[in-house]
Structure formats: structure tokens, C-alpha cells
Amino acid sequence: MQKSIDHTGPQKRGFLSGLAADRSGNALALVTASVIPLIALVGGGVDMGRSYLAESRLQQACDAGVLAARKKLGSTAAVEGVMPEGVAEAGQRFFNINFRDNAYGTENRAFTMTLEPDYSISGTATVSVPMTLMKIFGNTEMPLTVDCEAQLNFANVDVMLVVDTTASMNVTNPTDSEPRIEVLKSTVLDFYDALGDGSATSTRIRFGFVPYSTNVNVGHLLQSDWMVDEWTYQSRRPEADGTTTTWSWYTTSVEILAGTSTPIAPYQDDTCPEDTLVYTSDPTVDIDANSYYFITHREGIDYECTYSDGVVTVSGTEYSGYDKKNIWTWSHNTTDDNYQYIYEPRTIDVSAVKGAAGSDPTQPAGIDLDTEAPIGSDDGIMEHWYVGCIEERDTYEIDDYDNVDFTRALDLDIDLVPTPGNPATQWRPQFPNLIFEREMPGDGSEGGFFTVDPVPSYDWFLNPGWEGLAACPHPAQKLAEMTKNDVALYLDSMELGGETHHDIGMIWGGRLISPTGLFADENANIDGKATKRHLIFLTDGQTMPLDINYSAYGVEPLDLRRWDPSAPAGGLSHQQVVEKRFSVACSEIKKKNITVWTIGFGTAVPAFMQQCAGNGHWFEAANASQLADAFEVISDSVGDLRLTD
């Protein structure tokens, strides 16, 4: 039976209404209706994910670009207020490396940088991200823009240079044209330029210097209260032996008859050349009952040599047909007591080196002491001078370097401020000409031995002051804001000599840079800024202490303050003791948050110095170029790059 359908009146419906009423095929209709929003949801997620990834990578590339540009700009160019050629190229190169063209399907990559008035570098990076499924809805691309900025953030900077000034610094490295000391001077001045003077960034940059060899010259930096009033020295005194001698005294005069005598300009060599001098003397000729003369003849070269740190300094005189008439005229006779010497420790009043007030610096001063036998009109008094080198305060012979007792090893406590009136905590002025080393030959010849007990003798024993065995370097320089000319003048004033005692250089480098020690008031942070502290230790030689040196620890085999050669603690040699103490001092310095760098210039860096500085902080420089590279790494480390918001 056929059913009719009425199409009139209220039964008439629209498409959607009919679709809603028509239950046939409903599932297909619903799926069809949901496709469009589903496409929008999925496509938006895909495109937005790509956009977020691209934006993150773009920000990283922008940061890398401005950081590279700011580092390339450095500090000197910032002072000039211009962006030098190559800075923009460096920034663009790092940006490109970190966000390559068409990365993540992007287009229209662009990166621009601007040098800001505060010498930071700002950047803007843009890119377009093409849409995929979202194109259906008319969104063809999404533009991305990120901003970045980098500035060179200078903390206040303290740099202490501890410099080996032994004679070997006068040696020229095989591939260089100047001696090591001259190369060092120019390199340090370039290092100064790399750091700048701090004016562009309103920061304090200070330099200090500790020249070292056998000792350090720090007396002018010490307060009078930090120095003892008296000290015991290995010296001597004359003593009459009960016999007499009659002496005839003559006046002398000379007359050059012929020839020339020409001084030889000093030079360095590995050995001392053999003399070619031929010396002859004619018989004496009486002039009258009280006077006579004789003629001497010299032909050839008379060499004079001094030895220091394995280097021989040669000088002398060349004679050619040189004839001299020597005239002696009797004056008078005297009868004097004969003397021997009692070589022994002597306690001496040394308060003359102190200023009027306890806070005054110590000062060069002499003391009169009877170390000579009074013969004739000579009263036996000799004046001995203090010029600034010191003997260290109390210590002990360490038998366990992993557990040092700093209540006894006061020399290794770099922060301990001396207590007035407590000699254990105070330093002692060095008087080299007062020292006699029993029983070492006074003429510097081979042989002899050390004797701790007093020795009576008619012989002259070794005096380190007279024999060049008590080198006192140029005065150390406290941390100070210095101009480039100040630095140049200081470097030019350094003199070379002595042996290589690394520990005393490290100890005093630490004392002068420590923020909590002797100079805490001067070395503290200022202007609300942290201070980055760097100690640069440069040597051109291996440890080379001599037992006959008069060093910061006295004459070591006689004073026995830190090393007993007859029964050394742990069986350590003199060299090993110096190196162990260097390492202890270095460890104490690093506890003060001071960065230590070590450089071997023309020499290998020994293991104990490598361990002191740590990986990346020690360098071996065989020539001027490599030394410059080492200082460039250090100067780069001083500047701290950071991102700004």
C-alpha cells in the first residue's frame, strides 16, 4: 500500500532541520561536521609546536650572537665608543651557526645588532614560520621576533704578578730575539692594555708585583710593629789570643808608564773563560832608606765571573803593554794584639730599622757591630745595612704536609697579622754582611762543612753578602691602580740575580693579594662590587736552592728552621722542602677564592706547579708568541660575560 506525504503547512522544514530530524545516516553526518574543527585543532598544534621550537632556537642564536660580538668588542674598543670592524661579523657568524638558514622550514631570517651607550650590545632576530594545515583558514605564516642583549660585566679586578728574577731571565730563548726579561716586560704591558684601566666600566683594576729569587724585598711594606726588636744571626766576634805583631805601615802611589787597560762589557755565558793575562814584576829598587819601587807588567785578559741560577756573568779587564810603577814609602810601625774569631750565633739589637710609631713602615738602617779584628787604627766596628729583605717568622720542619700545624708554621699562615712584642709572629731584618757560615771557606773555594757549634778560628769563613749569595730583589709592589707608564717603569727597574726559591715568591704573592690578611683594609671589596683576584706565577727555571745561600730562612744548615740536612724529616731534600711548602702556600691562597695561574717561560712546568694551578690554568711558553698566548687566555678569563634581561 502506497502512503502519501503531505508537503504543505507546518510540515515544511529546512535542510539542517531535516537533517536533524532525519535519523537515517546520522553518524556520517556528524563525522563530516566535525572534520573542519578537528583539522584546525591538529593543524594549529603542529604549526604552533614548530613555531615554539623555532622561537626557542632563535632566542639561543640571538644570545650567542650578541655574546660573541660583545666578547670580540672587548674593553678597549668600548672606551672609544665605536664598534670596530669585525665585531658585527663575529656576532652574525655565531648567530648563523646557531640558527641556520631555512632551519625548521623558516624563511626570511634576519639579525641586527646595536652598540648601546652603556657599551652593551643589543640584538633583534626575526624569522617567518610558514603554516601548513592552518593555510586552510587563511593563516599562511607566523612572524617571530626575539630580543637579546649582552654586556661585559667587569667586577673589580686585582692581579698579582709573582715574577722569577733570577739571572737566567737574561737568557734569550732559541726562537726569540730578546732576553726573557724583555719579552716579559712587553707581554705584561700588552696584558695591561687587554684589561684596560677600568674607567670605561667604573671598576677598579689594580696590579701588584712580587719579584723573587733567593728572597723577596718586602720590608718597606711592613709596619714597624711587625718587625722584631732583636734577632739572632750566624755571625762572629774577634777575640785577642794573647800574642802581638809589629806592623810597618806604608803609603803607596802608582804611575802608569805605558799601555792600556780596557774594561770588558759584561755578558752571559755557560762557563767562565780561562784568563790569558800574563803578569810579571821587576825586582824592587830602593829610592832611599824609607822608600822603594817596583814595576809590574800586564798583557792579556783578566776575566772576572759571577755565578747565579746556573748562568755565568763574565766581565774583566783587557791589558795591552800595560806597565805600572808602584812606589812604597814607610810611614810608621805599630804593635797590635793578634786576634782570632769566634764564629757563633749572636743576638743583635735591630730596632734601628723601625720607625717612630708602630704603624710606620720599616726603613733602611745600619747597625755597628764588632765583627772585625781591630788592627792598627781600625776599631773592629763594621756597619751592616738592612735594605728590605727579611727572614721569615717562626716555622718548623714539617713531617706531614697533608696535616700542617699552622700554629707552628707561621710562615705558611698567609693571613696572620703579627702581634707586637711576640717575636714568633714577627719578621726579622736581613743583614747579609753580618753572616759568616762556619766552617765554609771564605774565598768561595770547594770544600768545607757546616758546624752548628761555635768555632774559634783564624780563618775567614764564607760571608754570603760578600760572595753574592744573599740576593735581594727589587722591592715588591702592593696592589695599586697603576697607569701603563707606572707598570713600565716598575718592570724596567727589576734587577736579576740569585737562585730559584719558588716558595717565598708564592707566600708573599698570597700575602699581598689576600682580602683577609695583612692588607685586609686595602684589599676588601668596594663600591658594592665583588673583586676577582688573580695570582700569576711566572718562572723560567726549576727549583734551585743552595744550602750556602742566606735566604728567608737564614743559613738553613745552621739555623735549622725548616730543614735539617743531617736528618731531614721524611728524607726530603732541600729542593723538595721548597716545593712542598710552595704547594701548601698555593693551597692556602686558593682558599681565599683567588685564581692561581702558573707559567713556565722557557722551561717545563713541574708537576707541583701544575697541581697548584689546576687544569687549564698552567702554561708552558717556549717563546714570546706562546707567552703572549698564555696571557691572552688569562685576560679573557678576567672579563665575565653575562646576559641581561
Side-chain angles (χ1 to χ4, degrees), residues 162 210-234 345 347-348 350 353 362 386-398 401 404-420 422-432 434-435 464 469-473 475-476 498-512 514 517-519 543 545-547 549-564 569 572 574-575 577-589:
V162 182
V210 179
Y212 79 94
S213 59
T214 306
N215 207 327
V216 291
N217 189 332
V218 295
H220 61 293
L221 304 179
L222 304 181
Q223 296 182 18
S224 292
D225 275 345
W226 298 353
M227 192 72 79
V228 296
D229 289 310
E230 63 178 21
W231 187 241
T232 300
Y233 298 89
Q234 303 295 337
T347 300
I348 310 299
V350 295
V353 306
T362 66
Y386 161 70
V387 297
C389 279
I390 51 89
E391 292 189 38
E392 265 300 333
R393 51 193 179 190
D394 274 12
T395 191
Y396 73 104
E397 189 176 11
I398 300 171
Y401 281 93
V404 176
D405 183 355
F406 289 99
T407 66
R408 298 171 63 199
L410 305 186
D411 61 323
L412 295 175
D413 185 343
I414 64 172
D415 275 359
L416 179 66
V417 177
T419 301
N422 183 352
T425 68
Q426 295 172 306
W427 288 284
R428 302 93 191 226
Q430 195 182 65
F431 288 94
L434 184 63
I435 306 300
L469 296 169
C472 189
E499 275 68 49
T500 311
H501 294 233
H502 294 307
D503 57 340
I504 197 64
M506 181 60 77
I507 289 169
W508 277 97
R511 284 174 174 156
L512 295 189
S514 172
L518 302 176
F519 307 103
T543 313
L546 296 180
D547 57 3
N549 277 337
Y550 176 38
S551 72
Y553 295 89
V555 180
E556 302 218 35
L558 296 180
D559 288 297
L560 305 177
R561 295 175 194 160
R562 63 172 186 174
W563 177 65
D564 183 349
L572 297 178
H574 195 184
Q575 173 182 334
V577 168
V578 170
E579 293 174 355
K580 291 282 189 181
R581 286 176 172 263
F582 173 98
S583 297
V584 173
C586 179
S587 178
E588 291 302 296
I589 290 167

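Between the CH2 atom of W427 and the CH2 atom of W231 there is a distance of 13.5 Å, given to the nearest 0.5 Å. Taking CG of D559 as the reference point, atom OH of Y553 lies at 12.5 Å (rounded to 0.5 Å). Between the CH2 atom in W226 and the CG atom in L221 there is a gap of 9.0 Å [rounded to 0.5 Å]. Between the CG atom of L558 and the OH atom of Y233 there is a distance of 15.0 Å, given to the nearest 0.5 Å. Rounding to the nearest 0.5 Å gives a distance of 9.5 Å between CD of E391 and OG1 of T232. Atoms SG and CD1, from C586 and I507 in turn, are 11.5 Å apart once rounded to the nearest 0.5 Å.
A side-chain contact (heavy atoms from CB on, under 4.5 Å) with W508 is found for one member of N215, V218, I414, V162 and no other, namely V218.
Between R561 and E392, no side-chain nitrogen of the basic residue sits less than 4.0 Å from a carboxylate oxygen of the acidic one, so the salt-bridge criterion is not met. We find that D394 and R428 are joined by a salt bridge, their nearest charged nitrogen and carboxylate oxygen being less than 4.0 Å apart.
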Inset, instruction - For side-chain contact (heavy atoms from CB on, under 4.5 Å), just list the numbers for Y386 and V350, CA-CA rounded to whole Å, side-chain angles, deciding distance to a tenth of an Å, and then say yes or no. - result: CA-CA 9 Å; Y386 161 70; V350 295; over 6 Å; no
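Listed by chain and residue number, K591 satisfy the side chain to side chain donor-acceptor pair (under 3.5 Å) test with E588 (two or more places apart in sequence, or in another chain). With sequence neighbours left out, the ring pair (Phe, Tyr, Trp, His ring centres under 6.0 Å) criterion links Y212 to H502, F537. By the side chain to side chain donor-acceptor pair (under 3.5 Å) test, T214 pairs with no residue at all, sequence neighbours left out. The side-chain contact (heavy atoms from CB on, under 4.5 Å) test applied to T419 returns N422, T425, not counting sequence neighbours. Looking at residues two or more places apart in sequence or on another chain, you find no salt bridge (charged side-chain N to carboxylate O under 4.0 Å, His left out) involving R393. With sequence neighbours left out, the salt bridge (charged side-chain N to carboxylate O under 4.0 Å, His left out) criterion links R562 to D503, E556. Taking Q575 as the reference, T543, P545, S573, E579 meet the side-chain contact (heavy atoms from CB on, under 4.5 Å) condition, with sequence neighbours excluded. The salt bridge (charged side-chain N to carboxylate O under 4.0 Å, His left out) check on D415 picks up K592, with sequence neighbours excluded. Remark: D229 engages K354 in a salt bridge (charged side-chain N to carboxylate O under 4.0 Å, His left out) (not counting sequence neighbours). Under the side-chain contact (heavy atoms from CB on, under 4.5 Å) criterion, L546 pairs with E499, I548, N549, not counting sequence neighbours. Among residues two or more places apart in sequence or in another chain, the side-chain contact (heavy atoms from CB on, under 4.5 Å) test is passed with N217 by H220, C389, C472, P475. Residues passing the ring pair (Phe, Tyr, Trp, His ring centres under 6.0 Å) test with H501: none are found, sequence neighbours excluded.
Annotation: side chain of R581 is in contact with side chain of Y401 (closest heavy-atom distance under 4.5 Å).
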